[in-house]
Structures are given as structure tokens and as C-alpha cells.
Amino acid sequence: MPFCDVSKSRGEGNGIRIFYRRYGRGSAKVLLIIGLAATHDSWGPQIKGLTGMLEPNDEEAPEAVGGGTDGLDEEDEGIEVCCFDNRGTGRSSVPTKKSEYTTTIMAKDALALLDHLGWRKAHVFGHSMGAMIACKLAAIAPERLCSLALLNATGGGFDCFPKIDRQMLSLAFRFLRAKTPEQRALVDLETHYTKEYLDEYVGSCTRRKILYQEYVKAISSTGMQSNCGFEGQINACWTHKMTPKELDTIRSSGFLVSVIHGRDDIIAQLNHAKRLAEKLQPATRMVELHGGHLVSHERPEEVNLALIELIKASKSKLSPEDWSYLPERASGRLVLGVPMSLSIRNNGGANGLVTFYNLLGKVQLSFLYFIGVFLMGFQHMRNVLRIMKPVRVAASDS
């Protein structure tokens, strides 16, 4: 099986191995980085759209060092894709310490994989937590990127918390209690897709029913993610932060950036993606699509087109000014979804209202955090009490 020993490449002795797959052949190299709790095969629609196939390449030795170009060669317009399981999930190693999970460490895993493959440069596309990792990789080794695409991106700490409402609290509770592939599949569907998409009929069945069966099969084949892996990846999301220096490194590196987001994403909020796109100017194109957190599945044609346009624009050396696009600009500033009454800065008391609005958002996020901690603590205490419960012994007749 294709594995990359990332610890060996760093001279470490902890034996961390990353499972990967390669698809297609061509001069343009694309590294796909998946998100929280997901495995490499979640990139299926993009693998098919970019390479035209879903069968992995032969499991042979990687190509010679030096592969990978800025885009599609005149004679070779093919694309080779590599996707992998992040540490903590799928067939990759599962470190037991939370400290072994940060987006910086996971970005170095991706960098070690590029070295293992012999790819000098690659287009790097990340989804959700994978977008966090992709940003870190772009800051650590900008010379290795041809372009950067961030799908349904979110930030670390409070920024990675979803919008709080009754639906989200219900999903959080059910997610923490999910113990079987069937229970997990039900929650995943509601967090990944819009209700409109799930309720559409495909033949005689709804898409919800079809996807439910596919999710149960996929989760059953790989197994439920371990507690160590899940908690470690959560730690990576929570501690993630892009410093001004790192953002400046990405901005000044010269490669083009796409930020692609589903407007109805209930996990990664659109406002954060817009702020990130603005911070990465002047070479960023913001692409908003109708869809949920897995807009890459819900709107695969549009997402794939956006990714192919990014690859072609990078090959043609399109200038950042010609590539850049940020929608919903007003008064020279990007509108970030703040209510109209709070966006008027000249009115008296507006600054106070904005401060109150931001504070209210943090209070909501704190509430969700403590709800999650309470639920996990409650489940842990139940397990402890179950273990400590005395065993009844029948009285002896003698």
C-alpha cells in the first residue's frame, strides 16, 4: 500500500505514516488536503473532474525528484492528483498525544509527502480543516506552490465554531453521541448538505436515502474515527492561527488564490471566508456557490470549473490584478455580512453597536464551547460509572 513515512523524512523516530493515493497523469500536479474526520476518498468528485478517472495509479515508486510544473504543458495537458488521509484518520497513523496534532505539523506532513512524490511544485487545494493546513503549507514553503485553493475555509479558535442555533445544538449533541456508522451518517448528511439538495429525487429515491447508504458503507469500511484521532484533529482546529507575517508571506509569494465557499454552510461561516479572501489580496478570487459545507459534492461542476480555471490562470501567468475578484464591495470596503445598521460608521454610536455585536458573537461561541465540554464530560462520567458499578453476586446455597 502507498505510505509516506513522514517521521523518517524529518529524522524523527515516532513512525508516523501517511496513506495516500495518486490519480491521473500529467505535468500539472495537484495535492488535495481533506478536512476534519474525513478520508482521502471524500475528494471523489474533484478527482473525477480533474483527471477523468477514479482508479488510482499503480502503486509503484514515486517519480523522480523535480516533477511538477506551474501548470499544463503545451504537449501535456493532463493533471495528476494526490490525496491522502491526514494523521488521525483513515489508514494513516493515529498519534495518541494531542500535542502531535497542529495545522503546522500536518502541513509538514503534506510537505514530506510532496518530497516523497518528487513533486517540486504543486497546486494545493484544501477543504475545511484541510484549508487551514493548506494555508500553513503555503506560509511554510511558498516556493512549492503553483496556486492555492481554499474550499469552505474557516479559522482557528472561536472562528472555527459554527453559527449557534437550535439545529446546530441538536447536531452537536447527536454527533457526540453517535456510536454507530448509521448514527454518524445521519448527522453527517445534515452538516454536509443543504436540505434542498438532500430532498431532491434521483429516480424514485431521494438523494438523502442514496447518500445515507453510501455514507454508512464508507464509514463501515474505514471504521469510526478513534477518539485520539478526533480529539487530536479538533485540537489542531482549535489552536490554528494565521499570523500577520504568515499571511504576508502568502500575499507576497506571487501565486494565485481561490477561496470557494457554499453560501449555506452551517459549519464554516461564509463571513470568515470573505475576511480571509480580503486578507490574502491582491491575488485572491472569491467564489460563492449555492450549497452547504460539502459544496464540492453538492456543486461539483462549478467547483471543478473554478479549480481548473485556477490551474490554467497559473499556467498563463495571469496577473494578480486580473485574477482578483471580491464580491459585494461597498464604499471601497468588503461587506462582511454585518447587518446594515451596524455597517454605517458615520452614525453616532455605531462603533458601540459594532463592539456589542462582536461581543455577542463571542458569547454565543463560548456558550457552544461549554455545551460541547459539558456533553463530553457527561458522556465520560457515564462511562466511568458504568465501569465502577458493582457486580451483583448470587448468594451461595451452601
Side-chain angles (χ1 to χ4, degrees), residues 4-12 18 20 22 26-34 50 62-74 76 78-84 86 102-127 130-151 153 240-259 276-277 279-285 307-324:
C4 170
D5 190 336
V6 298
S7 55
K8 183 178 179 181
S9 68
R10 300 176 197 165
E12 301 172 354
I18 298 298
Y20 69 92
R22 292 183 299 146
S27 61
K29 310 298 185 183
V30 176
L31 184 68
L32 302 176
I33 309 178
I34 198 58
L50 295 174
E63 301 174 3
V65 173
T69 66
D70 288 347
L72 308 176
D73 287 347
E74 292 291 339
D76 180 6
I79 297 175
E80 182 175 3
V81 164
C82 178
C83 50
F84 61 97
N86 286 307
T102 67
T103 51
T104 298
I105 290 174
M106 297 164 89
K108 291 178 179 178
D109 289 346
L111 184 58
L113 179 55
L114 287 178
D115 292 337
H116 176 78
L117 294 170
W119 291 4
R120 181 176 58 85
K121 298 189 75 171
H123 302 272
V124 176
F125 304 158
H127 177 268
M132 300 182 190
I133 298 169
C135 280
K136 284 293 182 182
L137 176 58
I140 292 171
E143 72 283 357
R144 303 294 294 272
L145 272 69
C146 302
S147 68
L148 177 66
L150 307 173
L151 285 72
H240 173 76
K241 182 179 180 181
M242 293 298 294
T243 66
K245 183 178 180 180
E246 289 173 324
L247 293 170
D248 185 60
T249 296
I250 297 174
R251 279 195 303 268
S252 60
S253 295
F255 52 75
L256 304 180
V257 181
S258 280
V259 177
L276 182 60
K279 290 176 182 177
L280 293 178
Q281 283 294 74
T284 306
R285 174 174 291 186
L307 297 177
I308 291 173
E309 285 181 348
L310 177 60
I311 294 173
K312 290 183 175 180
S314 299
K315 178 207 170 184
S316 65
K317 307 296 183 183
L318 189 69
S319 69
E321 292 74 18
D322 290 333
W323 173 256
S324 174

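Predicted model, so just to flag it, every value in this text is computed and none were measured. Throughout, residue positions are numbered sequentially from 1 according to the sequence presented. Just the heavy atoms: all of them, side chains too, but no hydrogens, waters or symmetry mates, feed the values below.
- With Leu137 as the partner, the side-chain contact (heavy atoms from CB on, under 4.5 Å) test is satisfied by one option alone out of Asp109, Leu145, Thr104: Leu145.
- Separating the CD1 atom in Ile140 from the SG atom in Cys135 is a distance of 11.0 Å, to the nearest 0.5 Å.
- In terms of heavy-atom proximity, Thr249 sits nearest to Ala139 at CG2-O, 3.7 Å.
- Looking only at side-chain heavy atoms (C-beta outward), Cys82 and Trp119 come within less than 4.5 Å of each other.
- By the 4.5 Å heavy-atom criterion applied to side chains, Val257 and Trp323 are not counted as neighbours.
- The side-chain hydrogen bond (donor to acceptor under 3.5 Å, both in side chains) test applied to Thr103 returns His240, not counting sequence neighbours.
- Judged purely by atom type and a 3.5 angstrom limit, Arg144 uses its side chain to pair as donor or acceptor with the backbone of Arg120.
- Looking only at side-chain heavy atoms (C-beta outward), Leu113 and Val6 stay at 4.5 Å or farther from each other.
- With rounding to the nearest 0.5 angstrom, the CG atom of Leu307 is 10.5 Å from the NE2 atom of His123.
- Glu309 places no side-chain N or O within donor-acceptor distance of the main-chain N or O of Lys312, the cut-off being under 3.5 Å.
- Put simply, the side chain of Lys136 reaches to within 4.5 Å of the side chain of Glu246, judged on heavy atoms.
- Between Met242 and Ile250 the shortest side-chain heavy-atom distance falls below 4.5 Å.
- Considering only residues two or more places apart in sequence or on other chains, Ser252 meets the side-chain contact (heavy atoms from CB on, under 4.5 Å) condition with none of them.
- Annotation: side-chain contact (heavy atoms from CB on, under 4.5 Å) contacts of Arg251 (sequence neighbours excluded): Leu247, Asp248.
- Listed here is the closest heavy atom pair of Ile105 and Thr102: N-OG1, 3.0 Å.
- Counting heavy atoms from C-beta outward, Ile33 and Phe84 have side chains that approach closer than 4.5 Å.
- Taking the side chain as every heavy atom from C-beta outward, His116 and Ile18 never approach each other to under 4.5 Å.
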message: Apply side-chain contact (heavy atoms from CB on, under 4.5 Å) to residues Arg22 and Leu117 and explain how you reach the verdict.
response: CA-CA 10 Å; Arg22 292 183 299 146; Leu117 294 170; 3.5 Å; yes
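- The minimum heavy-atom distance linking Ser324 with Pro282 is given by the pair CB-O, 3.4 Å.
- Taking each heavy atom of Ala134 and Leu148 in turn, the nearest pair found is CB-CD1, 3.8 Å.
- Ala153 pairs by the side-chain contact (heavy atoms from CB on, under 4.5 Å) definition with Ala131, Leu150, Leu276, not counting sequence neighbours.
- Here Ser316 pairs with Leu318 under the side-chain contact (heavy atoms from CB on, under 4.5 Å) rule; sequence neighbours left out.
- For the side-chain hydrogen bond (donor to acceptor under 3.5 Å, both in side chains) test, no residue two or more places apart in sequence or in another chain qualifies with Ser258.
- Taken from CE in Met106 to CD1 in Ile133, the straight-line distance is 4.0 Å, to the nearest 0.5 Å.
- Counting heavy atoms from C-beta outward, Tyr20 and Leu31 have side chains that stay 4.5 Å or more apart.
- Here the straight-line distance linking atom CE of Met132 with atom NE2 of His127 works out to 11.0 Å at 0.5 Å rounding.
- With sequence neighbours left out, Arg285 forms a side-chain hydrogen bond (donor to acceptor under 3.5 Å, both in side chains) with no residue at all.
- Interatomic distance, Leu256 CG to Ile311 CD1, rounded to the nearest 0.5 Å: 11.5 Å.
- Residues satisfying the side-chain hydrogen bond (donor to acceptor under 3.5 Å, both in side chains) test with Ser319, not counting sequence neighbours, are Asp322.
- When all heavy atoms of Cys146 and Phe255 are compared, the pair lying nearest together is O-CB, 3.3 Å.
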